[in-house]
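Protein chains get the first letters and strands the later ones, always in sequence-line order, with residue 1 at the start of each. In this text the structure is predicted, and so the values were computed from the model without any measurement.
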2 protein chains.
Amino acid sequence: MATGRPTHTADRGRPANRGRGIPEATVARLPLYLRALTALSERSVPTVSSEELASAAGVNSAKLRKDFSYLGSYGTRGVGYDVEYLVYQISRELGLTQDWPVVIVGIGNLGHALANYGGFASRGFRVAALLDADPAVVGTSAAGLPVRHMDELEDIVEDEQVSIGVITTPPGAAQQVCDRLVAAGVTSILNFAPTVLSVPDGVDVRKVDLSIELQILAFHEQRKAGEEAEQALAAPAAAKAAASSGPSSEPVVPAAADRPARTAAKLRRAAASGTDGDLPAVMPA
Amino acid sequence: MATGRPTHTADRGRPANRGRGIPEATVARLPLYLRALTALSERSVPTVSSEELASAAGVNSAKLRKDFSYLGSYGTRGVGYDVEYLVYQISRELGLTQDWPVVIVGIGNLGHALANYGGFASRGFRVAALLDADPAVVGTSAAGLPVRHMDELEDIVEDEQVSIGVITTPPGAAQQVCDRLVAAGVTSILNFAPTVLSVPDGVDVRKVDLSIELQILAFHEQRKAGEEAEQALAAPAAAKAAASSGPSSEPVVPAAADRPARTAAKLRRAAASGTDGDLPAVMPA
DNA sequence: CAATCTTTGTGCACACGTTCACAAACGCAT
DNA sequence: ATGCGTTTGTGAACGTGTGCACAAAGATTG
């Protein structure tokens with residue numbers, strides 16, 4: 001998911017995209033490349049081709065080359081990219097060569113888990129403080145850090161120069177916490193609460209929402225079930241046609257036929273719901 | 001973030017987008033609308049205009065109307081949309097009117113947190129089982145459910161007709177777990193491990209990665225710091241020009257000037273790193 | 001029933017993102 | 001030094017997503 005950057009105030013007319021205007025889609029992929037490159041670096045691989053790296057990162061090689069072209073020309077034709085150099089360039093571009101203190105607000109199950117998360121400490125991110133409003137939680141510790149009270153938020157943000165905040169509170173408290181973070185000087189927020197946050201210009205918000213991800217998966221799952229149901233209806237006729245032709249012809253049976261369990265489950269599901277329920281069950285008043 | 005749907009096999013030439021082809025971007029927003037609508041429904045609001053709903057969901061109203069137009073024409077001109085009816089239509093479109101059993105594999109801190117997550121149980125999603133490979137974890141319980149051993153995976157997926165799996169294992173185990181899930185019949189995977197998963201056609205993967213989100217925020221944070229540094233350099237001249245003109249004219253001081261803490265922190269940060277480090281520090285061999 | 005007001009649904013233009021395909025550039029062997 | 005194989009960097013075509021602006025459609029009022 002990506003929350004678009006906040007309409008970029010003071011955007012003096014740049015020549016379309018050159019100079020420093022790295023496309024948002026590219027920025028979102030740089031961490032992916034960086035991870036793959038770091039793995040290569042640990043195996044002491046000196047250079048890598050766009051094809052190999054693209055495969056490792058799960059993207060198209062042309063896309064990867066274009067992405068890198070926005071950073072400058074760091075490859076060598078006929079050879080590929082220097083792994084170490086690319087790691088450095090991407091790290092620098094992403095701002096990972098500096099220290100990023102982060103506060104986590106809301107130390108419930110999720111906040112606790114994030115505090116312990118390994119991927120946090122790496123890449124220049126450092127948990128500066130854990131905060132919670134609940135007196136029962138304040139004073140306990142998580143991941144070796146004490147949970148401090150919300151009232152200390154402003155002081156911590158100022159003292160530690162925190163510019164990134166992570167919200168893992170219940171949805172009801174999220175906007176309030178967000179406002180306090182912003183007022184204290186935080187300009188980037190990662191929101192795990194299922195709430196739409198409103199922030200002033202110049203503050204970035206990205207959201208992570210388990211429920212939304214599952215709903216998107218469910219949509220595609222339902223669509224797949226519907227399609228297989230259609231294919232199942234069309235299959236007998238096709239099979240019959242195939243049987244009537246010579247044995248040298250390609251089998252016309254749908255590819256899904258070799259996955260009995262999956263297909264069976266989906267068909268049962270498609271039968272259970274209306275599959276193709278184009279008729280509205282209730283009309284509005 | 002969005003993992004594109006797997007190139008949609010059997011895509012008989014549809015007239016561009018009509019019939020059932022809801023754009024991916026629209027699908028990703030439907031859960032957002034649904035949440036806002038559910039809140040309105042609980043407050044017994046009968047109808048809502050695109051403007052109001054768009055504001056609640058944090059999107060443009062024209063976009064929202066276009067999104068709804070893909071589902072059909074469920075609004076009434078001059079009035080707006082019937083809240084209850086829209087809730088039903090979106091739920092049906094997303095497949096939330098049916099039951100979606102889900103398995104969570106990897107019951108560490110994060111898996112534990114997700115099992116307890118409230119947004120899980122709602123909207124038709126049900127945790128069918130918690131799985132882990134570690135004998136020390138198997139047998140314990142989380143969120144009232146027993147943690148079962150990985151070896152039971154295949155039986156559970158078949159018995160409970162699970163089609164969605166959530167991976168919260170360490171990165172090293174993710175691909176292996178993914179393969180087993182797919183082999184067992186799971187066709188949608190939500191991956192929390194920082195790994196690129198490869199799956200056969202017809203299987204959807206979506207990923208959630210804290211580290212990537214933070215890196216994207218860091219990039220924009222760095223960019224903002226650089227811009228403010230530029231403005232700070234240009235500001236004195238502008239301020240001088242403003243002072244020389246009459247008191248009735250608008251102040252030319254940049255908007256950031258009323259946020260001392262934020263600006264100060266960023267400038268310190270910009271000074272610490274190269275801000276505009278266009279000169280490469282090391283050249284490749 | 002006509003005039004007016006509100007709000008939807010969508011045509012259109014534009015911005016953004018993706019992919020193909022190929023010339024230019026480089027290493028290496030002969 | 002020349003030629004050959006490899007791989008980058010990017011122009012161009014295409015597809016997707018966004019937002020404006022407005023006609024059409026319904027509600028409402030007199």
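For B/Tyr117, the ring-ring contact (aromatic ring centres under 6.0 Å, His included) test picks out no residue, with sequence neighbours left out. For the side-chain hydrogen bond (donor to acceptor under 3.5 Å, both in side chains) test, residues two or more places apart in sequence or in another chain that qualify with B/Ser50 are B/Arg65. In this view, B/Ser55 satisfies the side-chain hydrogen bond (donor to acceptor under 3.5 Å, both in side chains) rule with no residue, not counting sequence neighbours. Residues meeting the side-chain hydrogen bond (donor to acceptor under 3.5 Å, both in side chains) test with B/Thr168, sequence neighbours left out: none. Evaluation of the side-chain hydrogen bond (donor to acceptor under 3.5 Å, both in side chains) rule for A/Asn191 yields no partner, not counting sequence neighbours. Every residue two or more places apart in sequence or in another chain that forms a side chain to side chain contact (heavy atoms under 4.5 Å, CB included) with B/Asn60 is listed here: B/Ala62, B/Lys63. Residues that satisfy the side chain to side chain contact (heavy atoms under 4.5 Å, CB included) test with A/Pro171, not counting sequence neighbours, are A/Pro194, A/Thr195. Partners of A/Ser91 according to the side chain to side chain contact (heavy atoms under 4.5 Å, CB included) rule, which considers only residues two or more places apart in sequence or in another chain, are A/Leu34, A/Val87, A/Leu96, A/Thr97.
Ranking D/dT18, D/dT10, C/dT8 by closeness to the B/Arg29 side chain, first place goes to D/dT18. Nearest nucleotide to the side chain of A/Ala25, out of D/dT18, D/dT10, C/dG17: C/dG17.
Remark: C1' of C/dT18 and CD of A/Glu24 are 16 Å apart, rounded to the nearest angstrom. In this structure, B/Lys63 places its NZ atom 13 Å from P of C/dC16, rounding to the nearest Å. Atom CG in B/Leu71 sits about 15 Å away from atom P in C/dT8, given to the nearest Å. With rounding to whole Å, A/Leu30 atom CG is found 13 Å from C/dG17 atom P. In this structure, A/Leu64 atom CG and D/dT7 atom C1' are separated by 12 Å, rounded to whole Å. Distance, A/Phe68 CZ to D/dG9 P: 10 Å, rounded to whole Å. As a whole-Å value, the separation of A/Asp82 CG from C/dG27 C1' is 15 Å. We find that CG of A/Asn60 is positioned 9 Å from C1' of C/dC20, with the value rounded to whole Å.
No side-chain donor-acceptor contact under 3.5 Å links A/Glu213 to the backbone of A/Leu210. Distance alone, capped at 3.5 Å, places no donor-acceptor pair between the B/Lys66 side chain and the B/Thr26 backbone.
The stretch residues 40-52 of chain B touches DNA chain C through B/Ser49, B/Ser50, each having a heavy atom within less than 4.0 Å of the strand.
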Using a 4.0 Å cut-off on protein heavy atoms (strictly under), produce a 5'-to-3' string for nucleotides 21-30 of chain D with B for base contact, S for backbone-only sugar-phosphate contact, and - for none.
-> B--BBSS---

If you restrict it to nitrogen or oxygen atoms, what contacts under 3.5 Å exist between nucleotides 11-13 of chain D and the protein, and what is each distance?
from   : atom 1 : to      : atom 2 : distance (Å)
D/dG11 : O6     : A/Lys66 : NZ     : 3.1
D/dA12 : N6     : A/Lys66 : NZ     : 3.0

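B/Tyr70 has no side-chain polar atom (N or O) that falls below the 4.0 Å cut-off from OP1 or OP2 of D/dT16.
For the ring pair (Phe, Tyr, Trp, His ring centres under 6.0 Å) condition, no pair includes a residue of residues 189-209 of chain A, sequence neighbours left out.
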